[in-house]
Amino acid sequence: QVQVLESGGGAVQAGGSLRLSCAVSGNIASVGTMGWYRQAPGKPRSLAAFITRYDTTTYADSVKGRFTISRDNARNTISLQMNALQPEDTAIYYCKADSVGEPGFLPKDFWGKGTLVTVSS
């Protein structure tokens, strides 16, 4: 059974930093693109950053220059280093793993349950 587990959320003051981690576990043959999405109160879920298995990265304009996504293919993990955090970065951050291949099954996308990041002014 595939699991996607996030960690590293918490509370920080504006200008501070946090590092989020996400691990995909289970009987996995392959994992495609992985990314971080975030959902602020009263707003829809939106992309923060994603990274392909070849380390090509894409960032939302709102986080460019402040957030850095990285990946360890051997461990099926990604991390999101968040610097210069602002109150508008407050959200639940979700990890998504695309095209996760399990032996005997068609590839599927999986979401984690999210981790809360709170930035106070």
Next on the checklist: Give me each pair satisfying disulfide bond (SG atoms under 2.5 Å apart) with a member in residues 57-108, each pair once, sequence neighbours excluded.
Outcome noted: Cys22-Cys95
In this structure, would [X] and [Y] fall into the same cluster of hydrophobic residues linked by side-chain contacts under 4.5 Å?
{"X": "Val63", "Y": "Ile92", "result": "no"}
{"X": "Leu47", "Y": "Leu20", "result": "no"}
{"X": "Met34", "Y": "Phe50", "result": "no"}

Item to check | ring pair (Phe, Tyr, Trp, His ring centres under 6.0 Å) partners of Phe67, counting only residues at least two apart | outcome: none
[Y] side chain reached by [X] side chain, heavy atoms, under 4.5 Å:
{"X": "Val100", "Y": "Ile28", "result": "yes"}
{"X": "Val24", "Y": "Thr77", "result": "no"}
{"X": "Val117", "Y": "Thr90", "result": "no"}

Item to check | Residue pairs, two or more places apart or on separate chains, that pass ring-ring contact (aromatic ring centres under 6.0 Å, His included) and touch residues 4-39 | outcome: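 Those involving residues 4-39 are Tyr37-Trp111.
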Checklist entry - Applying ring-ring contact (aromatic ring centres under 6.0 Å, His included), which residue pairs with at least one partner in residues 84-105 are found, sequence neighbours left out? => result none
For [X], give me all partners under side chain to side chain contact (heavy atoms under 4.5 Å, CB included), at least two apart in sequence or on another chain.
{"X": "Leu5", "answer": "none"}
{"X": "Thr57", "answer": "Ile51, Tyr59, Ile69"}
{"X": "Ser30", "answer": "none"}

Item to check | Rounded distance (nearest 0.5 Å) linking atom CG of Asn76 with atom OG of Ser25 | outcome: 9.0 Å
Salt bridge (charged side-chain N to carboxylate O under 4.0 Å, His left out) contacts in which one or both residues fall within [range], not counting sequence neighbours:
{"range": "residues 72-88", "value": "Asp72-Arg75"}
{"range": "residues 34-59", "value": "Arg38-Asp89"}
{"range": "residues 2-16", "value": "none"}
{"range": "residues 97-116", "value": "Lys96-Asp98, Lys96-Asp109"}

Could you pull out the closest heavy-atom pair between [X] and [Y], with the gap in Å?
{"X": "Ser21", "Y": "Ser79", "result": "OG-OG, 3.7 Å"}
{"X": "Ala97", "Y": "Val4", "result": "CB-CG2, 4.5 Å"}
{"X": "Ala14", "Y": "Ser121", "result": "CB-CA, 4.3 Å"}

Checklist entry - For Gln81, what residues pass the side chain to side chain donor-acceptor pair (under 3.5 Å) criterion, not counting sequence neighbours? => result Arg19, Asn83
Checklist entry - In this structure, are over 12 heavy atoms from other groups packed under 6.0 Å from Gln13 atom CD? => result no
